[in-house]
*Asks:* 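The structure under discussion is supplied below as structure tokens; questions concerning it will follow.
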Amino acid sequence: MLHKVKLTVIDKKLYPELQTEYCKDPNAGMCPCYNVGDEFIFERYGMADDFWHIGLNTLKQTVNAADKIAGGTEFPHCSEAWDAVSRYIYAGLQGGSIMRGWMNDDRVMIACCSDGTRPVIFKIERLDYKAVYINEIGCGDCRDKIKSVLESIDGAVEVRFQEEYAEVYLQNDIEDEAIKSSVEECGYSVLKIDQ
């Protein structure tokens, strides 16, 4: 299987009494780098290698489209956050257990940055998938048909189409033959499956 890692900001905290007592700017406020609901996707497939760029351009969803948001086009992840989440992201991109024995699902971890006056809390998830290259797939109706049949396979969670292939996201491993035969049912052929 191939792997991506999804990083989601699930909460932000503020401890004004600690900022007042210890910070040079006692009114620094909440972390300006992240918003609750921000989602980042880290990839290592083809030409993508987001880990080595400290997550630059990994921001996929935000409530604030400012250029200086972490993971955007201008600003990689904050060093305090990166120190806290990078080891889990790397483990997930390699297909490893992010936190075995601690979380309900060893593909998930909850972590926070090390800023003690305004920590940001992250959910880190390993996303498992296969890249399915389908011969001469064209129109949206064809893609919808293939998506529907692939998502009906037990263990498949979601299908997303890229320019050259379909990403089949998995809850658990699916045999390549099951994917291939499902695509063939729609009248198409599979050129290859990367995993």
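By convention here, the first residue in the shown sequence is residue 1.
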*Asks:* Restricting to non-hydrogen atoms, name the atom on Pro76 and the atom on Leu56 that form the minimum distance, rounded to 0.1 Å.
*Replies:* N-CD1, 3.7 Å
*Asks:* Less than 6.0 angstrom separating the ring centers of Phe51 and Trp82, yes or no?
*Replies:* yes
*Asks:* Centroid-to-centroid, Phe122 to Tyr34, below 6.0 Å?
*Replies:* yes
*Asks:* Kindly determine whether Val5 and Ile124 satisfy side chain to side chain contact (heavy atoms under 4.5 Å, CB included), including the steps that lead there.
*Replies:* CA-CA 7 Å; Val5 173; Ile124 306 150; 3.7 Å; yes
*Asks:* Work out which heavy atom in Ile174 is nearest to a heavy atom in Ala156; give both atom names and the distance.
*Replies:* CD1-N, 3.5 Å
*Asks:* Is it the case that one hydrophobic cluster holds both Val159 and Leu2, taking links as side-chain heavy atoms less than 4.5 Å apart, direct or via other members?
*Replies:*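 In one cluster: no.
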*Asks:* Tell me which one of Ile89, Val85, Leu7 satisfies side chain to side chain contact (heavy atoms under 4.5 Å, CB included) with Phe40.
*Replies:* Leu7
*Asks:* Determine whether Thr117 and Cys23 satisfy the following criterion, side chain to side chain contact (heavy atoms under 4.5 Å, CB included), listing intermediate values before the conclusion.
*Replies:* CA-CA 9 Å; Thr117 70; Cys23 291; 3.9 Å; yes
*Asks:* Quick one, Val120 and Asp115 - any side-chain contact, counting heavy atoms below 4.5 Å?
*Replies:* no
*Asks:* Glu125: what forms a side chain to side chain donor-acceptor pair (under 3.5 Å) with it, not counting sequence neighbours?
*Replies:*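 Checked Glu125 against side chain to side chain donor-acceptor pair (under 3.5 Å); zero matches.
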*Asks:* Where do Asp128 and Arg107 land on the side chain to side chain contact (heavy atoms under 4.5 Å, CB included) test, with the steps shown first?
*Replies:* CA-CA 9 Å; Asp128 303 328; Arg107 296 171 296 176; 3.6 Å; yes
*Asks:* Taking the side chain as C-beta and beyond, is there a heavy-atom pair between Ile179 and Leu150 under 4.5 Å?
*Replies:*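 They are in contact (side-chain heavy atoms under 4.5 Å apart), so the answer is yes.
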*Asks:* Taking C-beta and beyond as the side chain, do Ile110 and Met99 meet within less than 4.5 Å on heavy atoms?
*Replies:*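 Sidechains of Met99 and Ile110: no contact.
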*Asks:* Is any side-chain heavy atom of Arg118 less than 4.5 Å from a side-chain heavy atom of Pro32?
*Replies:*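 The answer is yes, as the side chains (C-beta and beyond) meet within the 4.5 Å cut-off.
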*Asks:* Checking salt bridge (Lys or Arg N to Asp or Glu O under 4.0 Å) against Glu39, which of Lys123, Lys4, Lys6 comes through?
*Replies:*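 Output: one option passes, namely Lys6.
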*Asks:* Going from OG on Ser152 to NZ on Lys147, what distance comes out if it is rounded to the nearest 0.5 angstrom?
*Replies:* 12.0 Å
*Asks:* Do Tyr188 and Glu136 come close enough that some side-chain heavy atom pair is under 4.5 Å?
*Replies:* no
*Asks:* How far apart are the closest heavy atoms of Asp106 and Ser97, and which atoms are they?
*Replies:*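 Scanning both residues, the minimum pair turns out to be CB-OG, 3.3 Å.
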*Asks:* Do any N or O atoms from the side chain of Glu43 and from the backbone of Asp50 form a donor-acceptor pair under 3.5 angstrom?
*Replies:*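 Side chain of Glu43 to backbone of Asp50: no pair is present.
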*Asks:* If you take all heavy atoms of Asn35 and Thr62, which pair is closest and at what distance?
*Replies:*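 Closest pair (atom of Asn35, atom of Thr62, distance): ND2-OG1, 3.3 Å.
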*Asks:* Looking at Asp25, I want to see if its CG is surrounded by more than 12 non-hydrogen atoms of other residues, nucleotides or ligands under 6.0 Å.
*Replies:* yes
*Asks:* Do you know the tightest heavy-atom contact between Lys13 and Asp11?
*Replies:*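 Minimum heavy-atom contact is NZ-OD2, 3.0 Å.
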*Asks:* Can you check side chain to side chain contact (heavy atoms under 4.5 Å, CB included) on Glu151 and Glu158, steps first, answer last?
*Replies:* CA-CA 6 Å; Glu151 287 179 349; Glu158 181 180 5; 4.0 Å; yes
*Asks:* Starting at NE2 of His77, measure out to CZ of Phe42 and round the result to the nearest 0.5 Å.
*Replies:*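 Interatomic distance, His77 NE2 to Phe42 CZ, rounded to 0.5 Å: 3.5 Å.
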*Asks:* If we count only N and O atoms by modelled type, under 3.5 Å, do the side chains of Tyr165 and Asp194 hold a donor and an acceptor together?
*Replies:*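 The criterion, which ignores hydrogens and geometry beyond distance, is not satisfied for Asp194 and Tyr165.
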*Asks:* Keeping Ser148 on the side-chain end and Lys145 on the backbone end, is there a donor-acceptor pair under 3.5 Å?
*Replies:* no
*Asks:* Measure the shortest side-chain to side-chain distance between Ile41 and Thr58 over non-hydrogen atoms and say whether it is less than 4.5 angstrom.
*Replies:* no
*Asks:* Using only heavy-atom distances, determine whether the side chains of Tyr15 and Glu17 contain a donor-acceptor pair under 3.5 Å.
*Replies:*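 Distance-only check fails for Tyr15 and Glu17.
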*Asks:* With side-chain hydrogen bond (donor to acceptor under 3.5 Å, both in side chains) as the test, would you mind laying out the steps for Asp176 and Gln195 before giving the verdict?
*Replies:* CA-CA 9 Å; Asp176 289 356; Gln195 48 184 321; 2.7 Å; yes
*Asks:* So does Asn104 have more than 12 non-hydrogen atoms from other groups sitting under 6.0 Å from CG?
*Replies:*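 No, not enclosed.
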*Asks:* Quick one: does any side-chain atom of Arg44 pair with a main-chain N or O of Gln94 as donor and acceptor, under 3.5 Å?
*Replies:*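 Pair absent, no side-chain N/O of Arg44 close to backbone of Gln94.
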*Asks:* In terms of heavy-atom contacts, does NZ of Lys180 have more than 12 from other residues, nucleotides or ligands at under 6.0 Å?
*Replies:*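 No, the 6.0 Å shell around NZ holds no more than 12 heavy atoms from other groups.
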*Asks:* Rounded to the nearest 0.5 Å, how far apart are CG of Leu127 and CG of Leu93?
*Replies:* 9.5 Å
*Asks:* Indicate the atoms forming the closest heavy-atom contact of Pro119 with Cys113, along with that distance.
*Replies:* CA-SG, 3.6 Å
